[in-house]
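The structure appears right after this line, and notes come after that.
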Amino acid sequence: MVRLRVVDLPIPDVLRDFIVRERGVQELYPPQEEAVRRGLFDGRNLIMCTSTATGKTLMAELAMVNAVLTRGVKAILAVPLRALAYEKARDLRVYERLGVRIAVTTGEYDKDDAWLMNYDIVVTTYEKLDSLLRHRVDWLRRVGVLVIDEIHYVDDDKRGPTIESIIAKVKALGLDMQLLALSATVGNAEELAKYLNAELVVSDWRPVRLREGVYYDGVIYYADGSRESIKDLGNPVLSLVMNTILDGGQALVFTNSRSNTVKLAQQLAQYICNYGVKVIEPRELSKVSGAILESSQSRLLGEELAKIVRCGVSFHHAGLDMDVRSIIEDSFRNRLIRVVVATTTLAAGVNLPARRVIIHDYRRYEPGFGMEELPVMEYKQMSGRAGRPGLDPYGEAILIARGEDEVDYLIKNYINARVEDVKSKFLTDKNLATHILSAIASGYASSVGDVMRFISSTLGYVQGSYDKNEFLRGLLRRKIDDILNFLMESGFLERRDDYVAATTLGLLLNTLYLDPYTANTYIRGLRVREETNDLGYAHLIVQSPEVPRLRVRRNEFDDYLQLVLDNWDYLLVKPSITKDEIEDGEFEDEEIEDYLSTVKTAVMLLDWANEASEDDLLKNYDVGPGDLRVYGDLMNWLVSAVARLAGALNMEKHMERLSTLRWRLTYGIREELMELVINLEGVGRARARALYNAGFKSVIDIANADPKLISGIRGFGDRLARSVVEQARKIVEEGKVVKPTATDTNREMSRQVIGKRRGSLLDYL
DNA sequence: ACTTCCCCTATATAGACAGCATGTC
DNA sequence: CTATATAGGGGAAGT
């Protein structure tokens, strides 16, 4: 079959030549060709539902760059992950040579959005795009192409409604833009296309052949009916992995828990090293291993990992710090590391293909639901990682069966199964409340009718058949009324007849990106007392469902109960049972389990803010360096958000206390280090502590110091020492030393020691 | 007396977006 | 309310 050639595309010559020359693409893949035929370059809305590596991204690039070059409009590319945003932007930068200006903006990086005006293609996350729409940035009018990547995320409970909200806002603005949606294969592609008013491209075509099968008892049963016996080494994963790497390939193993990831990787490493498998390169690997040791924040985790990396094996999960993760990913791409055992971290974002993908568990624990089978969609995401285009002759995805009858079951329910439909989660109370408030506060709706119209442009509305059924529409209207009432009672909204408007508080929530239910909890908590202790504040912050909660072990129950009793008056959110009931033991464990979870999480965060080492936090709470980064990010956002709420409500004491806690909780430092960490780039908790202990306690101390003295301190080299001193001198000269508002922590309020766990710094409380 | 094995029970269980301030991609 | 794998304890059986 003759494929459509790039040179025949209806796009400018420069772009055609560029694609052929720089991208090395001569001909289009069938799905790409179909996209062109369906009007990609005619400004038609389009949705592509195809598997990974079928060139959806190239089509998006072409559509965007073409629009920029020919029509002089801007383009937006919205993706689900920050890392993905940076990656796509990096790839897009090659078009800078055609004069196309590329920018990335995400919440973590950017403050002001005005500078984006000067760029042609803006790569961003869903949430940041929603935020841009909330602020009604004026350059939005000049956007001609909107690409939504991985749009099957509309199924996600939390993130999906944001996508729908984006679409509803774009519609409400009446912006004239081409919508291009990219999706993994989903069950209801037609429905999505209809919702988006888009042409549909569906295809199961793949650039590398994929063989799918199930392993059981020494045999791989392929879905096409063929089977292959491999050497059974007792352990299914081990057998499959050895079979792969002895054949010169690489394997990616997916499993359902972090501990499994470590355990499996260790077993594999032990086997490979003990039996002296020759395919690995020990010299190079020990370099990698050294790099990991060096960059790991937690020595424990680093050593655990470094040890097995020497054997060409690694584990990978979100508890690892970013740099360790990228070392692993890079070494896998370089083929030094032959096997990575990962949780789903790797299935979603990072592009890390391998000859063989092994799916160790097809079930996963869902809190509140027990063990649940993986959706077919996730299986497809994982199996889609199999086979590197142009490098491997084919890719393989192998599921592991625990019993003989499971073989057919897995073939039927995964390999040959239809992918699930994508279902909107927009019409739940929480999502409705957030997005209705957002629509009103940002001026997309000023009456109940507007709200209804706004909602009618969501997928949830279409899927609920509300457009077709008057009775259902009545129900929905009543539900919206309830939510409007809730927002009014909470003081976020005002209403006169049919007209609605956000209050100052409501506007604040909208810009803080805080959901109304959480904000309500925060405000009620703040009203309980004028001031409270650190535990009280940390515990209040943790009430947000955004904060991952630690589980309380049985043997910790009593310690935390005691802590609750001792701090009863200071806790701004009380459990559902009374103090007397706790003291008399008149309750079931389940009644307070969730509450204690929040307490434990707060305690961990305070340990962090009291400079507990990362190793101790890992030991005591099973919280890895990667998790700490997430917690730190969250604290930076949530604590300052609560401080802003307190400010809006004129609660000065709260505000003051929260403003120091914010820094302590985000950076994991005691108050005395705040000045150093806040003012000096390259100085975090560890270096700040080292500086402080060496007598450099303030920016002035450092400005007056000899860089040579500082370079001798642990964690400093010559360069960093000089940079820090330079920075300090500069800000002192300019009189710009930021003095964080500090108040005396009232330590005497709650002296309390928890448990006998080693390293806990809770005695401070 | 000591080890081994089996059964029962307790325990633990994935990931990662967003604000604002200040003065750069 | 929902599940399962694993580690550890305790006791019975085996050496």
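Sequence lines set the chain letters: A, B, ... in the order given, protein chains first and strands last, and positions in each chain run from 1.
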Check nucleotides 3-9 of chain C for protein N or O atoms closer than 3.5 Å to its own N or O atoms and list the pairs.
from	atom 1	to	atom 2	distance (Å)
C:dA3	O4'	A:Met371	N	2.8
C:dT4	OP1	A:Arg363	NH1	3.2
C:dT6	OP1	A:Lys263	NZ	2.9

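- Annotation for A:Val376 and A:Asn413: closest pair CG2-O, 3.5 Å, computed over non-hydrogen atoms.
- Using a 4.0 Å cut-off between a side-chain N of Lys or Arg and a carboxylate O of Asp or Glu, A:Lys88 and A:Asp149 qualify as a salt bridge.
- When each of B:dC20, B:dA14, B:dA18 is scored by its nearest atom to the side-chain atoms of A:Arg644, the top-ranked nucleotide is B:dC20.
- To the nearest whole angstrom, the two C1' atoms, one in C:dT2 and one in B:dG19, are 39 Å apart.
- Using a 4.0 Å heavy-atom cutoff across all strands shown, A:Ala641 reaches no nucleic acid atom at all.
- Across B:dA14 and C:dA5, the matching P atoms stand 15 Å from one another, rounded to whole Å.
- With hydrogens and angles disregarded, a donor-acceptor distance shorter than 3.5 Å links the side chain of A:Asp361 to the backbone of A:Asn256.
- When heavy atoms are screened at a 4.0 angstrom cut-off, A:Leu81 is found touching the sugar-phosphate backbone but no base atom.
- The side chain of A:Ser131 approaches B:dG19 more closely than any other nucleotide in the set B:dG19, B:dA16, B:dA14.
- Rounded to an integer number of Å, the gap from A:Tyr86 OH to B:dC17 C1' is 12 Å.
- The CG-P distance, from A:Leu628 to B:dG15, rounds to 14 Å in whole Å.
- By the 6.0 Å and 45° rule, A:Arg134 stacks over the aromatic ring of A:Tyr513.
- Distance, A:Arg134 CZ to B:dA18 C1': 9 Å, rounded to whole Å.
- For A:Glu733, there are no side chain to side chain contact (heavy atoms under 4.5 Å, CB included) partners at least two apart in sequence or on another chain.
- A donor-acceptor distance shorter than 3.5 angstrom exists from the side chain of A:Asp627 to the backbone of A:Gly624, with no hydrogens or angles considered.
- Counting to the nearest Å, the P atom of B:dA18 and the CG atom of A:Asp156 are 14 Å from each other.
- Within 4.0 Å (heavy atoms only), A:Pro367 reaches no atom of the nucleic acid at all.
- Here A:Arg551 lies in heavy-atom contact (under 4.0 Å) with a base.
- Within the nucleic acid shown, A:Thr125 comes within 4.0 Å of sugar-phosphate atoms alone, with no base atom in reach, counting heavy atoms only.
- In this structure, a donor-acceptor pair under 3.5 Å is absent between the side chains of A:Tyr631 and A:Thr601.
- Listed pair A:Arg101 / B:dC25 fails the phosphate criterion, with no side-chain N or O lying under 4.0 Å from OP1 or OP2.
- Ion pairing between a basic and an acidic side chain is recognised when a charged N comes within 4.0 Å of a carboxylate O; A:Asp157 and A:Lys430 show no such pairing.
- Each of A:Asn510 and A:Arg364 lies near DNA chain B, and the nucleotide nearest A:Arg364 is the one positioned closer to the 5' end.
- For A:Asn679 and B:dA21, the CG to C1' distance is 13 Å, given to the nearest whole Å.
- Taking atom CG on A:Leu507 and atom P on B:dG19, their separation rounds to 16 Å, with Å as the unit.
- Of the listed nucleotides (B:dG15, B:dA16, B:dC20), B:dA16 has the atom at the smallest distance from the side chain of A:Val630.
- Ion pairing of A:Arg101 with A:Asp120 is present here, as a side-chain N (NZ or NE/NH1/NH2) and a carboxylate O approach within less than 4.0 Å.
- Distance A:Glu373 CD to B:dA14 P: 19 Å, rounded to the nearest Å.
- Cation-pi check for A:Arg551 over A:Tyr621 is not met; the charged atom does not lie both under 6.0 angstrom from the ring centroid and within 45 degrees of its normal.
- Nucleotide B:dG15 holds its P atom 11 Å from the CG atom of A:Asn256, rounded to whole Å.
- On a pure distance criterion of 3.5 Å, no polar donor-acceptor pair joins the side chain of A:Thr343 and the base of B:dG15.
- For A:Arg82, a side-chain nitrogen or oxygen approaches OP1 or OP2 of B:dA18 to under 4.0 Å.
- Within the 4.0 Å cut-off from OP1 or OP2 of B:dG15, not a single side-chain nitrogen or oxygen of A:His316 is found.
- Across the C1' atoms, B:dC17 and C:dT4 are found 31 Å apart, a figure rounded to whole Å.
- Residue A:Thr511 places no side-chain N or O under 4.0 Å from the OP1 or OP2 atom of B:dG19.
- For A:Thr503 (side chain) and A:Phe492 (main-chain N/O), a donor-acceptor pair under 3.5 Å exists by modelled atom type.
- When heavy atoms are screened at a 4.0 angstrom cut-off, A:Asn636 is found touching base atoms of the nucleic acid.
- Base-pairing analysis of DNA chain B finds the following stems of at least three consecutive Watson-Crick or G-U pairs, with both pairing distances under 3.5 Å: B:1-13 with C:3-15.
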